[in-house]
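Because the structure is predicted, anything quoted here is derived from the model rather than measured. Every chain is numbered from 1, with letters handed out A, B, ... down the list of sequences.
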Number of protein chains: 2
Amino acid sequence: MTAGEVFARRGFRDSTVREISTLAGANLAAVNYHFGDKKGLYHAVIACGHEAAGPMPADEAAGISDPREALRVYCRAFLRRILDHRKPEWHSKLMAREMAEPTEALDEMVKMMIRPHWERLGAIVGAILGPSASPRLVRLATQSITSQMVFYAHARPVLDRLFPAEEWSPASIERRGEDVAAFSLAALDSLRRVGGKA
Amino acid sequence: MTAGEVFARRGFRDSTVREISTLAGANLAAVNYHFGDKKGLYHAVIACGHEAAGPMPADEAAGISDPREALRVYCRAFLRRILDHRKPEWHSKLMAREMAEPTEALDEMVKMMIRPHWERLGAIVGAILGPSASPRLVRLATQSITSQMVFYAHARPVLDRLFPAEEWSPASIERRGEDVAAFSLAALDSLRRVGGKA
DNA sequence: GATCGAATCAAACGGATGTTTCAAACGATT
DNA sequence: AATCGTTTGAAACATCCGTTTGATTCGATC
């Protein structure tokens, strides 16, 4: 769908049905015929993007028993799904936009993607921190790790301005996943040693 | 400025000059008279919000020599500036919006706020990690810490849906700052021990 | 090849938005 | 009190958008 790129670039309101249809080589009225209205097209784009964005990180880290290794695999898969420009990169942009400016579509996204992610990553973090860790600490650590990854989707324009020379090849994306995992594992190690003080 | 609230809630394009002017009790044409056009009003709002958002975290953590304590103070001040609803909370929303959908205003924001933040926090992180840490490690750690805090501004709608019962009082905001600092200090401690391996 | 539903197309409609216009009110200065 | 630059006010303007309409083409089925 070329509509996804336009929605991701311009936002829902700024995207015009005219631009989308001409860019897609279709007629203006085709949108309303096939999707009812503009909002219907938007929902279809989000659903399509969710499937086209590749496997969920939770699936890629499914069979790994060692939680520390699982975290590394999970972080790499997450960033791959978000950043790899061989996949429809507009999907993560659309998600970032939904978070800053929620519509009804956000509830669907939370149910389909975000909550599953949170539970899977929370389980990994809980396994690393050990049974003595409080649920609150697990939740906070899960959030800290998530934020480091989502940051790449939310603040990419800022990063491009701060560090214009940065590389975004598939290889360096993998390394970023390793870096997030390393930072987080370092934190979890210390926190585990100190115990569930929070 | 009531215009800031509207811009933060609806976004630039979705905000209508009519709604802003009626909500502000002013006439429709007043906007174009005082600010030239809608975009001029937007820039004025951003500049005004920057000043009204209170002191920069870098200033609040200026006189502290112990870098670990400086990090704690800095994190608390940062989240206070972002989350405290007694201050114009629309400023952080506007920033989040600019990052997802950059306009010319983002360059100004990077120069005025983001890069100073990055340099100050980077200095604190560098002091904690010690002179043996590579610049790359310092940069990554600074980014990880920043992301944990910015997450609250970017993903707040998601957090509200994931954990509806969460509290956002000034006191709990302070504690969130402590939590971010604790997680980050734990990571920095481990990384310092391992050395600049990255 | 005739038929009928689905899909496409150009054109137009109704509404909303940013901007302009021009007259009226204001306020300091003389 | 008269004057003149500044600010407000209501109304209109020009444009663009999402949607609808009705005619036309397409494609499978009999």
Side-chain angles (χ1 to χ4, degrees), chain A residues 1-49 51-52 88 90-91 93-98 100-109, chain B residues 1-49 51-52 88 90-91 93-98 100-109:
Chain A
M1 294 275 191
T2 59
E5 307 174 19
V6 181
F7 275 135
R9 182 154 30 96
R10 296 228 199 285
F12 177 76
R13 177 66 179 269
D14 270 313
S15 304
T16 74
V17 186
R18 280 178 169 80
E19 178 184 3
I20 293 176
S21 37
T22 58
L23 221 69
N27 187 270
L28 173 63
V31 167
N32 293 55
Y33 179 79
H34 286 285
F35 303 99
D37 57 358
K38 186 183 176 183
K39 205 178 290 182
L41 171 64
Y42 184 66
H43 280 87
V45 159
I46 285 184
C48 155
E51 297 175 9
W90 45 266
H91 185 237
K93 285 189 183 178
L94 274 184
M95 288 202 56
R97 215 175 270 280
E98 270 294 320
E101 187 176 353
T103 74
E104 317 100 30
L106 182 56
D107 297 287
E108 191 87 359
M109 292 169 112
Chain B
M1 293 276 191
T2 59
E5 305 174 20
V6 182
F7 275 135
R9 182 155 28 96
R10 295 228 199 287
F12 177 75
R13 177 64 179 270
D14 270 313
S15 304
T16 74
V17 186
R18 279 176 171 80
E19 178 183 2
I20 292 175
S21 39
T22 59
L23 220 71
N27 185 271
L28 173 62
V31 167
N32 292 49
Y33 177 78
H34 286 285
F35 303 99
D37 57 358
K38 187 183 178 184
K39 203 178 291 181
L41 171 64
Y42 183 66
H43 279 87
V45 160
I46 285 184
C48 154
E51 297 175 8
W90 45 265
H91 184 237
K93 286 189 182 178
L94 274 186
M95 286 202 57
R97 214 175 271 280
E98 270 294 321
E101 187 176 351
T103 73
E104 317 99 30
L106 182 56
D107 296 287
E108 191 87 358
M109 292 169 114

Chemist: Round to a whole Å and report the spacing from CG of B/N32 to C1' of D/dT6.
Modeler: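 Rounded to whole Å, this separation is 17 Å.
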Chemist: Expressed as a whole number of angstroms, how long is the span from A/R13:CZ to D/dC16:C1'?
Modeler: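 These atoms are roughly 11 Å apart.
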Chemist: Send over the distance from B/L28 CG to D/dC13 C1', rounded to a whole Å.
Modeler: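 After rounding, the reported distance stands at 13 Å.
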Chemist: Anything under 4.0 Å to a heavy atom of chain B counts; send over the first and last such nucleotide of DNA chain C, read 5' to 3'.
Modeler: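 The footprint of chain B covers C/dT17 to C/dT21.
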Chemist: Between atom CG in A/N27 and atom P in D/dA23, what is the gap in whole Å?
Modeler: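 My rounded result for the distance is 17 Å.
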Chemist: Round to the nearest Å and state the distance from A/R18 atom CZ to D/dC17 atom P.
Modeler: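 Distance, rounded to whole Å: 6 Å.
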Chemist: What's the verdict on salt bridge (charged side-chain N to carboxylate O under 4.0 Å, His left out) for A/E5 and A/K93, showing C-alpha distance, side-chain angles and the deciding distance?
Modeler: CA-CA 9 Å; A/E5 307 174 19; A/K93 285 189 183 178; over 6 Å; no
Chemist: Just checking B/A29: base, sugar-phosphate only, or nothing, at a heavy-atom cut-off of under 4.0 Å?
Modeler: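 The residue B/A29 makes base contact.
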Chemist: Walk me through it: do A/E98 and A/T103 pass the test side-chain contact (heavy atoms from CB on, under 4.5 Å)?
Modeler: CA-CA 7 Å; A/E98 270 294 320; A/T103 74; 2.8 Å; yes
Chemist: Regarding B/S21, tell me which of base, sugar-phosphate or nothing describes its non-hydrogen contacts under 4.0 Å with the strands shown.
Modeler: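 No contact.
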Chemist: Quick one: closest heavy-atom pair of A/E104 and A/H43, and the distance?
Modeler: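 Looking at all heavy atoms of both residues, the closest pair is OE1-CE1, 3.7 Å.
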Chemist: Rounded to whole Å, how long is the line connecting atom NZ of A/K38 with atom C1' of D/dT19?
Modeler: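 Computing the A/K38:NZ to D/dT19:C1' distance gives 12 Å.
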Chemist: How many whole angstroms separate atom CZ of B/F35 from atom P of D/dT7?
Modeler: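 So the CZ-P distance, B/F35 to D/dT7, works out to 12 Å.
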Chemist: Quick check on DNA chain C: between B/K39 and A/A26, whose nearest nucleotide comes earlier from the 5' end?
Modeler: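 The residue mapped nearer the 5' terminus is A/A26.
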Chemist: Over 60° means perpendicular and under 30° means parallel, so tell me whether B/Y42 and B/F7 are parallel, tilted or perpendicular.
Modeler: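 Answer is perpendicular, since the angle exceeds 60°.
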Chemist: Counting just side-chain N and O atoms, does B/H34 come under 4.0 Å of either OP1 or OP2 of D/dT8?
Modeler: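 True: B/H34 side-chain N/O within range (under 4.0 Å) of D/dT8 OP1/OP2.
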Chemist: Tell me, with the steps shown, if B/V45 and B/W90 meet side-chain contact (heavy atoms from CB on, under 4.5 Å).
Modeler: CA-CA 10 Å; B/V45 160; B/W90 45 265; 3.7 Å; yes
Chemist: Please round to the nearest 0.5 Å and tell me the distance separating atom CZ of A/F12 and atom CD of A/E101.
Modeler: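 The distance works out to 10.0 Å.
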Chemist: Name the residue from A/I20, A/V17, A/T22 that meets the side-chain contact (heavy atoms from CB on, under 4.5 Å) definition with A/L28.
Modeler: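 So the option named by the test is A/V17.
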